[in-house]
> 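Sharing a structure with you now.
In listed order, ligands and their atoms are each counted from 1.
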Amino acid sequence: MKLLVVEDEALLRHHLQTRLTESGHVVEAVANADEALYQTEQFNHDLAMIDLGLPGMGGLELIRQLRARGKTFPIPILILTARGNWQDKVEGLAAGADDYVVKPFQFEELEARLNALLRRSSGFTQSTIVAGGLVLDINRKQAVLDDKPLPLTAYEYRILEYLMRHHQQVVAKDRLMEQLYPDDEERDPNVIEVLVGRLRRKLEGESGFKPIDTVRGLGYLFTERCR
Ligand code: CA
């Protein structure tokens, strides 16, 4: 998933970027609200993690401005707050955040909350996504097809998870590219075609499972219903 981290403490920002990238996410990490507003106007993220105590515009005001965009900013927001007092959390939730983590936190707790938010925002209540004989374990980042492990590379897995989270919707190639590369790296749309091609071959295997359609000029469609 593509995550936005807004945190002014350089060390924590770097730590979050590193750990979340290791967990298989694409992470944009910025130090203030202005950069965050710019990022959210330019790119599509799946979740934003926002520190409340930011220099300049604070995290609460940032959340209010993002939520004021309404349907164009529907993604979950997780607050990071150093302050233990309950008023901050209440204000943050009232401003439109979905959950919070109090600093200092264990990375595992942050990750668990993040995964729960991502799961709920795509309408899944379990930590697995199932389509026929295909089961994705989104915590372990593993796939099983017809009760056999399906070996996927990290990039193939990300594409499959994203398509399944957005099942029965056309997903543009650009959106898939955002799942693979941070914005400042060079992107090559052919890479997506190659990866989707490999993914299709693996899924088709001996069982003939063909859940990914190409929608010419638009992108890809995972045709099976997922639950
Ligand atoms: Ca701070």
Side-chain angles (χ1 to χ4, degrees), residues 1-122 127 138-139 141 154 158 162 165 175 177-185:
M1 300 283 111
K2 189 174 173 69
L3 312 179
L4 176 68
V5 173
V6 191
E7 169 59 63
D8 60 311
E9 283 169 52
L11 210 61
L12 179 57
R13 186 170 68 244
H14 178 75
H15 175 68
L16 286 173
Q17 180 154 34
T18 308
R19 293 294 302 266
L20 292 166
T21 303
E22 281 168 9
S23 297
H25 300 288
V26 171
V27 183
E28 292 294 338
V30 300
N32 58 56
D34 288 337
E35 285 181 64
L37 287 170
Y38 173 78
Q39 280 289 329
T40 53
E41 274 159 19
Q42 299 296 313
F43 307 107
N44 298 295
H45 303 87
D46 299 295
L47 180 144
M49 210 174 285
I50 299 175
D51 177 31
L52 288 188
L54 295 171
M57 186 197 296
L60 276 179
E61 181 55 27
L62 172 62
I63 293 167
R64 288 192 192 105
Q65 291 203 12
L66 291 171
R67 286 306 188 214
R69 294 183 192 162
K71 283 200 176 123
T72 60
F73 196 84
I75 65 171
I77 297 177
L78 181 66
I79 301 172
L80 306 178
T81 172
R83 307 164 224 177
N85 81 53
W86 60 269
Q87 287 96 333
D88 279 335
K89 295 169 207 160
V90 171
E91 265 194 278
L93 296 171
D98 299 279
D99 201 359
Y100 58 84
V101 175
V102 176
K103 296 189 224 172
F105 50 80
Q106 293 295 316
F107 181 76
E108 288 70 19
E109 184 194 354
L110 176 89
E111 193 171 40
R113 290 183 181 276
L114 178 121
N115 284 336
L117 286 177
L118 287 172
R119 207 162 64 218
R120 268 184 267 150
S121 73
S122 31
S127 58
I138 54 183
N139 291 336
K141 312 271 178 215
R158 281 191 211 175
Y162 198 80
R165 279 182 190 272
R175 293 300 289 268
M177 223 131 42
E178 288 180 350
Q179 295 296 318
L180 303 187
Y181 306 106
D183 301 307
D184 47 3
E185 281 182 26

> Once you round to the nearest 0.5 Å, how far does OG1 of Thr81 lie from OH of Tyr100?
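Rounded to the nearest 0.5 Å, the OG1-OH separation comes to 10.0 Å.
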> Write the atom name of the N, O or S atom in Asp8 that is nearest the Ca ion (ligand 1).
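Per the distance ranking, Asp8 contributes OD1 as its closest N/O/S atom to the Ca ion (ligand 1).
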> Are Ile138 and Arg165 close enough that some pair of their side-chain heavy atoms sits under 4.5 Å apart?
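Contact flag for Ile138/Arg165 side chains = yes.
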> Is Leu54 close enough to the Ca ion (ligand 1) to have an N, O or S atom under 3.0 Å?
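Within the cut-off used here (under 3.0 Å), Leu54 places no N, O or S atom near the Ca ion (ligand 1).
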> Heavy-atom count around Phe107 CZ within 6.0 Å, excluding the residue itself: above 12?
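Yes, enclosed.
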> Tell me which N, O or S atom from Asp51 is the closest to the Ca ion (ligand 1).
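The atom in question is OD2.
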> I'd like to know if the Ca ion (ligand 1) has an N/O/S atom from Glu9 within less than 3.0 Å of it, counting both backbone and side-chain atoms.
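So Glu9 does not count as coordinating the Ca ion (ligand 1).
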> Do His25 and Leu118 have side-chain heavy atoms sitting under 4.5 Å apart?
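In contact.
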